[in-house]
Amino acid sequence: MEAVVTVNNKYDFSEVKKDISCEEAVSLSNYCLNCKNPMCKKGCPLEIDIPDFISAIKNEEYERAYEIISQKSVMPEVCGRVCPQELTCEAKCVRGLKGESVKIGNLERFVSNYKTPIKVKKSNGLKVAVVGSGPFGLSSAYHLKKEGFDVTVFESSHVLGGVLIYGIPEFRLPKKIVDDVIYKLENMGVIFKTDVLIGATITIEELKKNFDYIFLGTGAGVPKMFDIPGVMSKNVLSANELLTRINVMHAPNSDTPLIIPRKVVVIGGGNVACDAARSLVRLGSDVTICYRKSEEFLKMRKEEYEHAKMEHVNFIFNAEPVRIETDKAFTVNKCVFKIAKKHEKIECDMVIIAIGTTHNDLIPRLNGIKSDEFYKIEANDYVTSDSRVFAGGDATRGNATVIDALSDGLKAVEKLMQIIKK
Ligand code: SF4
């Protein structure tokens, strides 16, 4: 049994995948074997007690199921939507050996509709500053608060949620879902401060005067660009810029400039390329994703790939970008690829580059926190070169998944607890 999938119309950014009903959830849960040695749990970076929460659904104890997931996860409503379960828990499910795996992601999303208040220990008197409100920051803040720390989250943007907000479109992850996670943390007592650029406006040393510990979840949000001729032309955008304009600044229904292209080439094969392509389809563009490898190496989720094809996104594989051509006004009019040893010109009036992101240099460069040459922060078991500063998520890994960042947040707090108890 599958969750209902619909393909939306032009200009419609409403969520594509729908919730399942109680009857469907109970039916899906009855397919689980409640294994003694649950491989699904081993496949989950957060090691959520999956058979236990599925058993609770079987008994129609939905709030208890939520409590079980919430022991490890700050955001089941997000993970149930965007985690690549086909590569983690569902990939390990024994049911998958002879047929379909248990639909753990669909069940997690279902359970997230049955929220219960989160218990918080009384204050231990220690103050922690969390830098960044993306997945690592929110996961750290959640587990720190549960342990009784006083937690303040600093966000450089005017909106909270980091990549969950600026990177993932409404049709995959509605903003209200992320807002609900923030409200939950606020209700637990976490303080949020927006428009504060830690590392520049306030340095790490200044922060240390007011906080006992600092958790860095600064992500990896600086887009990588190609070094091919024409890349600086008008209407060549990084996918990050495009998605930020649409997701955060509400283009094209705002003052934010965004020319709606007629024909677009998106270069890349990951989820970000797919999100950019599907967003542009909703604005009425004819979109082609060009990927330098073959279909089997696509990095986007299979489900998203299938949705993109249903929404008439075109795909060209084994296409190596060569150059971008322009008209006399330096506006893009063609993108040239090497395909099967021949140069092919694809007409387009916009090129979106989605070949990954790298790290912001601000904190390592200006604040003495050790990093590699690409400003990826170095951390040993989540502790950086400064013993009062912890880090995780994309800031220490590079481009990782939401669930990996959530796992880092949990483990970094566990590490701090070990240090404090010594
Ligand atoms: S491995 Fe699959 S069948 Fe076994 S407990 Fe996990 S979800 Fe259920």
Side-chain angles (χ1 to χ4, degrees), residues 1-5 15-116 118 135 139 142-143 172-173 177 181 271 296 299-307 400-411 414:
M1 195 184 300
E2 255 294 357
V4 178
V5 174
E15 191 172 16
V16 171
K17 201 170 163 182
K18 305 299 179 196
D19 279 326
I20 56 174
S21 66
C22 294
E23 293 73 28
E24 286 170 317
V26 172
S27 169
L28 285 180
S29 66
N30 282 328
Y31 183 57
C32 171
L33 300 169
N34 200 7
C35 306
K36 290 265 177 302
N37 179 21
M39 297 307 291
C40 53
K41 186 175 172 182
K42 293 189 176 132
C44 171
L46 276 172
E47 295 178 54
I48 289 170
D49 199 336
I50 292 168
D52 220 20
F53 98 72
I54 293 180
S55 291
I57 299 174
K58 284 181 192 174
N59 296 329
E60 299 182 32
E61 296 170 344
Y62 307 135
E63 290 178 348
R64 193 169 80 77
Y66 180 82
E67 284 167 8
I68 293 164
I69 299 175
S70 296
Q71 288 165 10
K72 300 285 179 74
S73 176
V74 59
M75 50 181 83
E77 55 277 77
V78 173
C79 292
R81 286 171 166 82
V82 303
C83 276
Q85 288 96 7
E86 67 278 11
L87 301 176
T88 55
C89 54
E90 291 180 14
K92 299 272 182 183
C93 171
V94 291
R95 276 290 201 184
L97 294 174
K98 288 191 179 164
E100 281 202 33
S101 303
V102 175
K103 300 284 185 198
I104 301 166
N106 287 359
L107 289 171
E108 183 177 20
R109 173 172 166 172
F110 167 78
V111 164
S112 70
N113 293 322
Y114 295 86
K115 294 179 177 51
T116 56
I118 304 296
S139 180
Y142 176 71
H143 292 290
R172 270 213 307 136
L173 180 62
I177 298 295
V181 177
N271 285 316
E296 67 194 286
K299 289 185 182 155
M300 63 186 69
R301 290 189 71 190
K302 191 167 179 294
E303 180 180 89
E304 305 307 329
Y305 176 46
E306 295 303 329
H307 287 178
T401 58
V402 169
I403 189 78
D404 284 327
L406 298 187
S407 169
D408 280 357
L410 168 65
K411 288 174 184 161
E414 287 172 350

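Read the numbers this way: they start at 1 and go in the same order the structure lists the ligands and their atoms. Fair warning: this is a prediction, and the values are worked out from it, not measured in the lab. Note: hydrogens, waters and symmetry copies are ignored here, and every other heavy atom, side chains too, is used.
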Quiz item: Quick check: are there more than 12 heavy atoms from other residues, nucleotides or ligands sitting under 6.0 Å from NZ of Lys72?
Solution: yes
Practice problem: Would you mind running through ligand 1 and noting each atom that sits below 4.0 Å from a heavy atom of Leu33? | Solution: 3 (S), 8 (Fe)
Quiz prompt | atom 4 (Fe) of ligand 1 - nearest protein heavy atom and its distance | solution = Cys35 SG, 2.3 Å
Practice problem: If you have a sec, work out which protein heavy atom is nearest atom 2 (Fe) of ligand 1 and how many Å separate them, to one decimal? | Solution: Cys93 SG, 2.4 Å
Quiz prompt | Protein residue, atom and distance nearest to atom 6 (Fe) of ligand 1, heavy-atom basis | solution = Cys40 SG, 2.3 Å
Quiz item: Picking from Ile50, Ile54, Leu107, what satisfies side-chain contact (heavy atoms from CB on, under 4.5 Å) with Cys32?
Solution: Ile54
Quiz item: Between Val94 and Met39, which heavy-atom pair has the shortest distance, and what is it?
Solution: CG1-CG, 4.2 Å
Quiz item: Are any side-chain N or O atoms of Ser407 and backbone N or O atoms of Pro45, one a donor and one an acceptor, separated by less than 3.5 Å?
Solution: yes
Quiz item: Which heavy atom of Ile57 sits nearest a heavy atom of Tyr62, and at what distance?
Solution: O-CE2, 3.9 Å
Self-check item: Residue and atom name of the nearest protein heavy atom (relative to atom 8 (Fe) of ligand 1), distance in Å to one decimal
Solution: Cys32 SG, 2.4 Å
